[in-house]
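Order of appearance sets the numbers: ligands from 1, and atoms from 1 within every ligand. Note that the numbering runs from 1 along the sequence shown for the chain. Excluded from the calculations below are hydrogen atoms, water molecules and symmetry mates; all remaining heavy atoms, backbone and side chain alike, are included.
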Amino acid sequence: ATAQIGVTGLAVMGSNLARNFARHGHTVAVHNRTAAKTKTLVEQHGHEGTFVPAETAEEFVAALQKPRRIIIMVKAGEATDAVIDEFAPLLDEGDVIIDGGNAHFADTRRREKDLRDKGIHFVGAGISGGEEGALNGPSIMPGGSAESYKSLGPLLESIAAKAADGTPCAVHVGPDGAGHFVKMVHNGIEYADMQLIAEAYDLLRTVGGFAPERIAEIFRTWNTGRLDSYLIEITAEVLAHKDAATGRPFVDIVADEAEQKGTGRWTVQTALDLGVPVSGIAEAVFARSVSGHKELREAANGLPGPSAEAAALSPAAAEEFAARVEEALYASKVVSYAQGWNMIAKASDEYGWNIDLGAMAAIWRGGCIIRAAFLDRIRAAFAADPQLPTLLADRQFAEEVGRAQDAWREVVATAVRRGVPTPGFAAALAYYDALRAERLPAALTQGQRDFFGAHTYRRTDREGSFHTPWSGDRTEEQTA
Ligand code: 6PG
């Protein structure tokens, strides 16, 4: 046996990952359900390194050095279970199966437990960066046992993206489902980032009166500052692109119904179960959902908008407005990352994962879809205070958001006045205001609950639980 690693499932992600390993000098066993794909890969890319093509599962396993390391790159769900069932009986104690798909972390926990009982390590690894990342350096989030990372870690780190300071964008996240959990939250944050960028574009176009090409330039400028990120960079590319058939801006000929494969939705579902408010991510998922409901949109088409006619902004006013939108986008982004990190922290406690919060920011600095200069700031915030309760309390972020808030409020107010939907900006601002408020109207909610259901309340001035008999004489009773 000569191969250090094996990849089964040779669709684009799988073959690119296999090529990445080969290009880094590792001997890679490759296998696919239909052998033709294996053949094509070796024919087209065999010169890039050393591949060992295997037609059968047995040949594939025999090609691997021990402990065997097999990466499964198939569609998340039943296909993953089918491949595990095929390979597990052929493996020995101490071998490692890695699932590199976008699996739900609960499935990963189940699979890890089943295989652990058989002495096999199961590593649910989040891999981000799309096809290009898989080939040239993704961000990798492996879960599973610390022991499995000993033999697997160096291989993954060798093919991972490197952050600007040279650190590989791969780290052992934590036991069982921890890796797939953080990948899920990564995707939730990705949804939130994309929604905020979409809202910024919409405002620049509708209120600012800028054409897509000019907005592309604005995004390019933003990309040289604190918003510097992959998503801002590609936004500029998409906005500058012209449709070849019509000569119109590409963004104007694409159907405005956003699709989703489910990881954003999972993030929100899981956040609800964990009791962590991730309103930024939730609004992003709902915004995609709203866009896709053609029948609702058609039924509502023609409903009145703001009655006051808005005058076009002067060029100078439009530039000022664009600067305010940048502030609103940045502040809202800080909020959605704060929420995402709260979710990781809560799950880490709940499942005993002991996740290093700063390390997650560190491995997202390169390779992944949300890669950004900004993530180094988050890493630094957790380095300064590993127990930081919210990113908003980090001194630097607090200062920046504090400085941005007037512009942020102005932008949300303008959006409301002009009838431009900005659920991301508005939800982020509401969250910020809720966290900083000295008193919340939740006290009234508690009163209502006690009124109709005797659900009790706590007081600000004394310990215990209390109930007021609302339909009786309203003499307060202490219930606990
Ligand atoms: C990544 C991406 C990847 C996936 C997107 C698309 O990290 O490389 O997140 O996993 O392409 O999540 O998801 P939607 O189809 O749901 O937008």
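- For the pair Arg205 and Phe210, the cation-pi test (distance below 6.0 Å, angle within 45°) is failed.
- Cation-pi geometry between Arg226 and Tyr330 is satisfied (NZ or CZ under 6.0 Å from the ring centre, within 45° of the ring normal).
- Annotation: cation-pi geometry not satisfied between Lys242 and Phe250 (NZ/CZ under 6.0 angstrom from ring centroid, within 45° of ring axis).
- Shown here are the side chain to side chain contact (heavy atoms under 4.5 Å, CB included) partners of Arg23, two or more places apart in sequence or in another chain: Arg19, Glu48, Leu135, Asn136.
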As a test of reading the model: which N/O atoms of the protein lie under 3.5 Å from N/O atoms of ligand 1, and at what distance?
residue: ligand 1; atom: 7 (O); partner: Ser128; partner atom: OG; Å: 2.4
residue: ligand 1; atom: 7 (O); partner: Lys183; partner atom: NZ; Å: 3.2
residue: ligand 1; atom: 8 (O); partner: Ser128; partner atom: OG; Å: 3.4
residue: ligand 1; atom: 8 (O); partner: Gly129; partner atom: N; Å: 2.9
residue: ligand 1; atom: 8 (O); partner: Gly130; partner atom: N; Å: 3.1
residue: ligand 1; atom: 9 (O); partner: Asn187; partner atom: OD1; Å: 3.0
residue: ligand 1; atom: 9 (O); partner: Asn187; partner atom: ND2; Å: 3.2
residue: ligand 1; atom: 9 (O); partner: Glu190; partner atom: OE1; Å: 2.7
residue: ligand 1; atom: 9 (O); partner: Glu190; partner atom: OE2; Å: 3.3
residue: ligand 1; atom: 10 (O); partner: Asn102; partner atom: ND2; Å: 2.9
residue: ligand 1; atom: 10 (O); partner: Lys183; partner atom: NZ; Å: 2.9
residue: ligand 1; atom: 12 (O); partner: Asn187; partner atom: ND2; Å: 2.9
residue: ligand 1; atom: 12 (O); partner: Glu190; partner atom: OE2; Å: 3.2
residue: ligand 1; atom: 15 (O); partner: Lys261; partner atom: NZ; Å: 2.9
residue: ligand 1; atom: 16 (O); partner: Tyr191; partner atom: OH; Å: 2.5
residue: ligand 1; atom: 16 (O); partner: Lys261; partner atom: N; Å: 2.8
residue: ligand 1; atom: 17 (O); partner: Arg288; partner atom: NH1; Å: 2.8

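- Between Lys113 and Asp117 there is a salt bridge, with a side-chain nitrogen of the basic residue lying less than 4.0 Å from a carboxylate oxygen of the acidic one.
- For the pair Val411 and Leu203, the minimum side-chain heavy-atom distance is below 4.5 Å.
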